[in-house]
Asks: 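Sharing a structure, written as structure tokens. Questions coming.
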2 protein chains.
Amino acid sequence: MGISKIDKMHSLSKNQQIIFDLIDKSPEPLKAYTILFNVQKRGIKAPPQVYRALDKLVEMGKIHKIESRNAFIACHNSSCQVAKATAFSICEICEKVTEISSAGLSKYLTSFKDKDGMKYSKYNLEFFGLCKKCR
Amino acid sequence: MGISKIDKMHSLSKNQQIIFDLIDKSPEPLKAYTILFNVQKRGIKAPPQVYRALDKLVEMGKIHKIESRNAFIACHNSSCQVAKATAFSICEICEKVTEISSAGLSKYLTSFKDKDGMKYSKYNLEFFGLCKKCR
DNA sequence: CTTATAAATGTTATATTATTACATAGTGTT
DNA sequence: AACACTATGTAATAATATAACATTTATAAG
């Protein structure tokens, strides 16, 4: 039997799976070279292997890049359908990052038009403050 | 006469002024090393001098960092009072970046609370799409 | 005006993040 | 089998950013 065509289409390659698993298990965003260090025992030895997998995973919406931190977290928002509409909260003390899933927020931003009436196909929003623990 | 105390408080140091002028004149976001290259004739020779000035200018709200591009633009939003609430549109083809000043948007985001009722002290939002010219 | 303090500068070296380029191997389709 | 496409392996290097330390300049207080 093996993997059906549809399943295969949605499945990850070997390196992608290794790197996704690591990020998905992590309670905090991981940086590319932290990832590299952690997967070297699994045969991934060089930066391009990591960055290529990260690029694909981002494209697929399986992970997101936290731009202000150059770090990556797994998507936990409605089965990763929202690679084009991302929002995060970031604690400026402990650096805890949480993906925000607010229907209201995403509706507001997805339909936002600027002064010229221009709509956008994608957005990324990062909120900063202190998390519960750090206040 | 020279510069009064109040004026002085709001004035920039030599390196800050040189670097701000360059960014302010630029129609597009500038990267740190592009800045470095362009100010070497004015005596700024090393990366730390650039990054230090950039850090201060960002703190003051005179410029903003476009996180997804690692580049800096001058603030053109209500006299630079909004370093803590920034929104930009970015064209994915020509890379044109525009600061969005929408009272509605900033009001919505400034007062946004997450599921736990948490409010944030700062946010940065980047919209992506195609600008008028590129469509 | 001088002394203390803080802010800014100059400089060298190095750390961190990311990409180019090219060769090879696997996968799915016809 | 032949083709196109995706993924991988590898070395080198480019691009972005900071650490550490010495020195100078600006500001405020006595």
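Just so it is clear: chains get the letters A, B, ... in the order the sequence lines come, proteins before strands, and each one is counted from 1.
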Asks: Report yes if a side-chain nitrogen or oxygen of A:K31 is closer than 4.0 Å to either non-bridging phosphate oxygen (OP1 or OP2) of C:dA15; otherwise report no.
Replies: no
Asks: Figure out the CZ/P separation between A:F37 and C:dT17, and round it to whole Å.
Replies: 15 Å
Asks: Return the angle between end axes of the helix from C:dC1-D:dG30 to C:dT30-D:dA1, with five pairs used per end and rounding to 10°.
Replies: 40°
Asks: Between A:A32 and B:Q49, which has a closest nucleotide on DNA chain C that is more 5'?
Replies: B:Q49
Asks: Are any of B:K14's side-chain N or O atoms less than 4.0 Å away from OP1 or OP2 of C:dG10?
Replies: yes
Asks: Judged by each residue's nearest nucleotide on DNA chain D, which is more toward the 5′ side, A:K45 or B:T34?
Replies: A:K45
Asks: Can you confirm whether the side chains of B:N38 and B:Q40 place a donor and an acceptor under 3.5 Å from each other?
Replies: no
Asks: Starting at CD1 of B:I35 and ending at C1' of D:dA15, how long is that distance when rounded to a whole Å?
Replies: 14 Å
Asks: Side-chain N or O of A:K56 less than 4.0 angstrom from OP1 or OP2 on D:dA7?
Replies: yes
Asks: List, by chain and then residue number, the residues other than A:L105 in its hydrophobic cluster (Ile/Leu/Val/Met/Phe/Trp/Tyr, side-chain heavy atoms under 4.5 Å); write none if there are no others.
Replies: A:I100, A:Y108, A:L109, A:F112, A:M118, A:Y120, A:Y123, A:L125, A:F127, B:I100, B:L105, B:Y108, B:L109, B:F112, B:M118, B:Y120, B:Y123, B:L125, B:F127
Asks: Can you find a side chain N or O atom of A:N70 that sits less than 4.0 Å from OP1 or OP2 on D:dT16?
Replies: no
Asks: Over how many whole Å does the gap from B:R52 atom CZ to C:dT11 atom P extend?
Replies: 11 Å
Asks: Which nucleotide wins on minimum distance to the side chain of B:S13, given the candidates C:dA8, D:dA11, D:dG9?
Replies: C:dA8
Asks: Any side-chain heavy atom of A:D24 within less than 4.5 Å of one from A:H76?
Replies: yes
Asks: Kindly indicate whether the side chain of B:Y33 and the base of D:dA14 share any N or O donor-acceptor pair separated by less than 3.5 Å?
Replies: no
Asks: In whole angstrom, give the distance that lies between atom OH of B:Y51 and atom P of C:dT12.
Replies: 18 Å
Asks: To the nearest 0.5 Å, what is the distance between CZ (B:F37) and CG (B:L22)?
Replies: 11.5 Å
Asks: Rounded to the nearest Å, what distance is computed from the CZ atom of residue B:R69 to the P atom of nucleotide D:dA15?
Replies: 17 Å
Asks: Please state how far atom CD1 in A:I19 lies from atom P in D:dT8, giving the value in whole angstrom units.
Replies: 9 Å
Asks: From CD1 of B:I44 over to C1' of C:dA8, roughly how many Å is that when rounded to an integer?
Replies: 12 Å
Asks: Identify whether the distance between the nearest side-chain nitrogen and carboxylate oxygen of A:K96 and A:E28 falls below 4.0 Å.
Replies: no
Asks: Using the closest heavy atom to pick a nucleotide of DNA chain C for each, name whichever of B:P47 or B:Q16 lands nearer the 5' end.
Replies: B:Q16
Asks: Check the distance between C:dT16's C1' and A:L30's CG and give it to me in whole angstrom.
Replies: 16 Å
Asks: Applying side chain to side chain contact (heavy atoms under 4.5 Å, CB included), run through A:K122 and B:E126 and close with a yes or a no.
Replies: CA-CA 8 Å; A:K122 197 171 144 191; B:E126 298 181 4; over 6 Å; no
Asks: So, B:Q16 side chain and B:K56 main chain: donor-acceptor pair closer than 3.5 Å or not?
Replies: no
